[in-house]
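As structure tokens, the structure follows; a few thoughts come after it.
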Amino acid sequence: MTFVLDPFEPAEQPPGGSVADALLAGLNPQQREAVEYRGPSLLIVAGAGSGKTSVLTRRIAGLLQSREAWPSQILAITFTNKAAAEMRERVQALVGLEQAQGMWISTFHSACVRILRREAEQFGFAKSFTIYDSADSRALIKRIIKDLDADTFGFTVSQASGKISKLKNELQDVESYARGANFSDPNEIMFLEIFRRYTQDLRRANAFDFDDLIGQTVYLFRAFPQVAALYRRRFRHILVDEYQDTNHAQYALIRELTRPVTQGDLPLDRQGRGHLDAASLTVVGDSDQSIYAFRGADIRNIVEFERDFPHSKTILLEQNYRSTQNILDAANAVISNNFDRTDKKLFTTIGSGEKITGFTGYSGHDEAQFVANEIAVMHEQGVAYKDMAVFYRTNAQTRALEEIFIRSALPYRVLGGTKFYERAEIKDAMAYLISVANPADPMAVRRILNVPRRGIGGVTEATLQSYADRNDISLREALRKADELALGPKITAAVLGLAAILDEVGLDGDASRPADVLTTLLEKTGFIDALRASRDPQDEARAENVEELVAVTKEFQKNSSTGTLIDFLTEVSLVAAADDLDDSSGTVSLMTLHTAKGLEYEAVFLTGVEEDLLPHRMSANEPGGPAEERRLFYVGITRARRRLFVSLAMTRAQFGDVNVAMPSRYLQEIPADLIDWKQSPGMATSRGGTQPRALNARRDGSSWGFGASAAREPGGLPPAPPRVKAEWTNLVTGKVRDNGDLVLVAGDRIRHADFGDGRVTVVTGEGPKSVAEVQFETAGRKRLLIKIAPIEKL
DNA sequence: CTTGCATTTTTTTTT
DNA sequence: AAAATGCAAG
């Protein structure tokens with residue numbers, strides 16, 4: 001985590017040479033120019049799959065090889081740790097391990113933590129600050145709202161935390177917000193108070209939240225010009241990936257780093273000069289892939305780049321090296337519906353490839369079954385599981401997919417989703433580590449107070465807290481003074497015992513190493529033993545999870561011999577589960593559309609392409625919401641190399657009951673001749689014909705081959721079955737199969753188009769949502785939405 | 001203070 | 001359907 005910061009290096013800048021031919025091999029003219037161009041600022045507009053990572057890595061390699069820059073003068077920013085790791089690897093492959101030492105290739109957040117850790121004492125934070133993730137800050141806000149009785153004003157935690165996050169992304173603090181506040185509005189006064197308390201509590205806890213990491217770094221640079229000058233001297237070449245997803249704070253950070261160093265700033269360089277030109281800035285992005293407006297990303301940053309940086313150069317990369325023309329045509333058609341964008345058309349020389357396969361399932365499970373079937377077929381044909389991925393809009397959609405995948409024995413893994421570090425028992429164990437590393441943090445101490453159970457409940461906690469407040473000491477210190485409070489003898493002993501354990505383990509201070517600390521803590525507190533002794537059957541798994549965490553700390557200690565406890569905590573806070581995706585695993589990947597950005601697969605399934613899901617219901621009111629959802633769909637489409645599947649369901653289970661789902665408006669934006677609609681069993685049979693699903697799935701197996709040549713003419717494909725299209729058109733206009741007011745009661749015999757004859761056992765729900773549970777003679781027990789199921793009463 | 005049961009709320013996406 | 005919250009009994 002330490003690095004050498006030498007402000008005098010620029011004076012030794014070697015004379016620039018030209019970029020070696022080897023680095024340019026295989027690049028098209030635009031890519032080549034993007035690698036070779038030299039100037040103050042460069043915008044690379046990189047369409048999906050246009051080889052931007054190659055360009056970026058070669059550009060860095062070129063700077064190093066031509067000796068225009070030392071490695072330590074390069075700062076490359078990516079959005080995920082995974083992207084950073086990949087970029088580092090590829091640069092290393094180009095210039096060698098040694099030449100790549102000293103570069104900063106990291107996320108905004110990691111880079112800022114490094115800077116803040118180094119400079120923390122400059123502005124009143126201890127070096128040992130910890131980082132609150134979103135769950136932590138929500139917990140804090142929840143506490144504050146409760147404390148202030150703000151919920152009676154109608155404040156919810158998510159409203160308040162959302163608003164605070166938004167303000168921080170705009171570099172607003174309590175003071176600046178208060179200046180513009182409307183003091184006649186009691187709601188606003190209350191919010192201001194929440195914001196004030198939150199800011200104050202974070203500072204007292206010696207903690208930053210995610211947004212602070214960026215915002216406080218900007219503040220640091222602005223308030224301490226000599227600190228800013230240090231980093232401006234160091235970083236002479238700044239490269240930012242996914243620039244369309246930067247928010248205002250991140251933009252401001254880049255601006256601060258790319259200011260010229262002026263005469264008055266210290267330190268001077270070796271010749272005693274103060275002045276130094278602004279660092280060169282390269283940004284790469286694609287406004288069509290901007291999908292993070294909800295967390296403050298401002299698309300204007302990229303749209304107005306040329307205005308912001310007046311002498312900048314713009315290079316467009318439009319040739320796509322990833323997908324077939326059919327997939328690109330679909331993507332182009334969809335995204336062209338977003339007005340207010342500079343037109344950009346991806347093209348390829350790969351050829352048209354297979355058509356997109358469409359599927360409408362009867363239910364989410366039916367859809368999942370289709371996905372599983374198709375994956376099995378492709379796997380038989382030689383496509384590796386790791387080359388296939390299933391995308392969805394919301395994490396909740398994984399449930400049906402997982403159920404079917406398990407039943408079908410398909411190897412899969414879920415990226416993102418409920419992460420290891422979000423599990424309660426892991427958070428508890430981490431809270432122990434935080435309590436040792438950062439004794440000022442009361443949230444962590446509060447969390448472990450009664451884990452494992454020691455009889456310290458809410459009353460005791462409040463007593464300790466108020467004692468801490470009265471004496472202006474931390475909660476952690478108050479624990480040590482438990483004997484000065486009128487607590488019961490048992491409880492006093494428990495509190496003092498905990499304080500003693502924390503104190504003892506914390507003796508090593510900065511030299512503490514995570515595995516040693518954790519094992520000692522777990523042993524002394526009996527944390528794992530308590531889980532093992534519990535009669536809750538889930539606690540066994542929890543104990544194993546904690547063991548797993550111990551293994552992670554040991555691994556960390558092995559890999560980084562100098563790594564301290566604080567380093568470990570930082571890494572855990574900043575590394576998301578999606579970052580450790582390991583492509584060698586041989587499993588199908590399941591992930592949200594957001595997680596999918598930047599990745600690519602041979603075959604991609606876009607599931608749940610329905611109204612209220614994509615676009616999501618919540619986005620409907622947001623200005624620019626539907627356009628952003630369209631970009632999300634676009635991102636999903638463009639992840640596919642050879643095969644793309646889009647699927648939806650006619651009914652979708654949500655909040656525990658079943659709702660009718662409509663096809664997404666975006667489906668109509670894909671030219672009809674690009675999609676080969678397969679029928680869902682339910683739909684096919686709703687017109688009378690009965691086709692076993694297995695037969696259906698392989699019906700036109702002729703068109704399944706991978707790498708199938710571009711020679712397959714569109715006319716040679718089986719015509720899209722008109723029946724299906726008619727059905728689909730019906731769906732678009734809002735009609736689904738409708739049994740009218742068909743009423744069923746327990747005991748009725750029915751015939752289902754797929755499942756055959758059966759007897760109704762139970763009917764639940766009212767009106768159009770009533771559901772019949774049916775025991776079929778051959779197909780087993782099923783739950784059917786009476787209004788639209790392909791059934792008739794016998 | 002803990003446990004067990006009933007009631008309510010939740011689901012957008014993430015560094 | 002699952003998780004979080006609230007409440008009463010022990």
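Note on naming: letters A, B, ... go to the chains in the order of the sequence lines (proteins, then strands), and numbering restarts at 1 for each one. Note that the structure is a prediction, hence the values are computed from the model and not measured.
Among the atoms of the strands shown, only primed sugar atoms or phosphate atoms (P, OP1, OP2) are found under 4.0 Å from some heavy atom of A:F79. The residue A:R617 sits apart from the nucleic acid: no heavy atom pair falls under 4.0 Å. Within 4.0 Å of A:N450, counting heavy atoms only, lie sugar-phosphate atoms of the nucleic acid but no base atom. Heavy atoms of A:T460 sit under 4.0 angstrom from primed sugar atoms or phosphate atoms, though from no base atom.
Each of B:dT12, B:dT15, B:dT3 was ranked by its minimum atom distance to the side chain of A:E629; first place goes to B:dT12. The nucleotide whose nearest atom lies closest to any side-chain atom of A:R393 is, among B:dT3, B:dT12, B:dT15, B:dT12. The nucleotide whose nearest atom lies closest to any side-chain atom of A:T107 is, among B:dC1, B:dT15, B:dT14, B:dT15. Among B:dT15, B:dT14, C:dA1, the nucleotide with an atom closest to any side-chain atom of A:T592 is B:dT14.
Across all strands shown, B:dT13 forms no Watson-Crick or G-U wobble pair with both key distances under 3.5 Å. Across all strands shown, B:dT3 forms a Watson-Crick or G-U wobble pair with C:dA8, both key distances being under 3.5 Å.
Aromatic pair A:H594/A:F391: centroids not less than 6.0 angstrom apart.
When the P atom of B:dT13 is taken as reference, atom CD of A:E422 falls 11 Å away, rounded to whole Å. Note: NE2 (A:H248) to P (B:dT15) measures 23 Å, nearest angstrom. At whole-Å resolution of the value, OH in A:Y421 and P in B:dT14 are 18 Å apart. Distance A:D657 CG to C:dA1 P: 9 Å, rounded to the nearest Å. Between A:L464 atom CG and B:dC1 atom P there is a gap of 11 Å when expressed in whole angstrom units. Counting to the nearest Å, the C1' atom of C:dA4 and the CZ atom of A:R138 are 12 Å from each other. A:F294 has its CZ atom 7 Å from the P atom of B:dT14, to the nearest Å. Rounded to whole Å, atom P of B:dT12 lies 12 Å from atom CG of A:D612.
The aromatic ring of A:H109 does not stack onto the base of B:dT15, failing the criterion of a centre distance under 5.5 Å from the six-membered base ring together with planes under 30° apart.
Between B:dT14 and A:N395, a contact under 4.0 Å exists linking OP1 or OP2 to a side-chain N or O. In this structure, A:R453 reaches the B:dT3 phosphate: one of its side-chain N or O atoms is under 4.0 Å from OP1 or OP2.
Applying the 6.0 Å contact sphere to CZ of A:R300 captures no more than 12 heavy atoms from other residues, nucleotides or ligands.
C:dG6 and B:dT11 have their P atoms separated by 16 Å, with the value rounded to a whole Å.
A ring-ring contact (aromatic ring centres under 6.0 Å, His included) with A:F208 holds for exactly one of A:Y219, A:F125, A:Y132; it is A:F125.
Place A:F655 and A:G458 on DNA chain B by their nearest nucleotides, and A:G458 ends up nearer the 5' end. Heavy-atom distances to DNA chain B give each of A:L632 and A:G457 a nearest nucleotide, and the one nearer the 5′ end belongs to A:G457.
The minimum heavy-atom distance linking A:R88 with A:M103 is given by the pair NH2-O, 2.9 Å.
Aromatic ring orientation, A:Y292 versus A:F79: parallel (interplanar angle below 30°, classes split at 30° and 60°).
Between the side chains of A:Q465 and A:R446, at least one donor-acceptor pair of N or O atoms lies under 3.5 Å.
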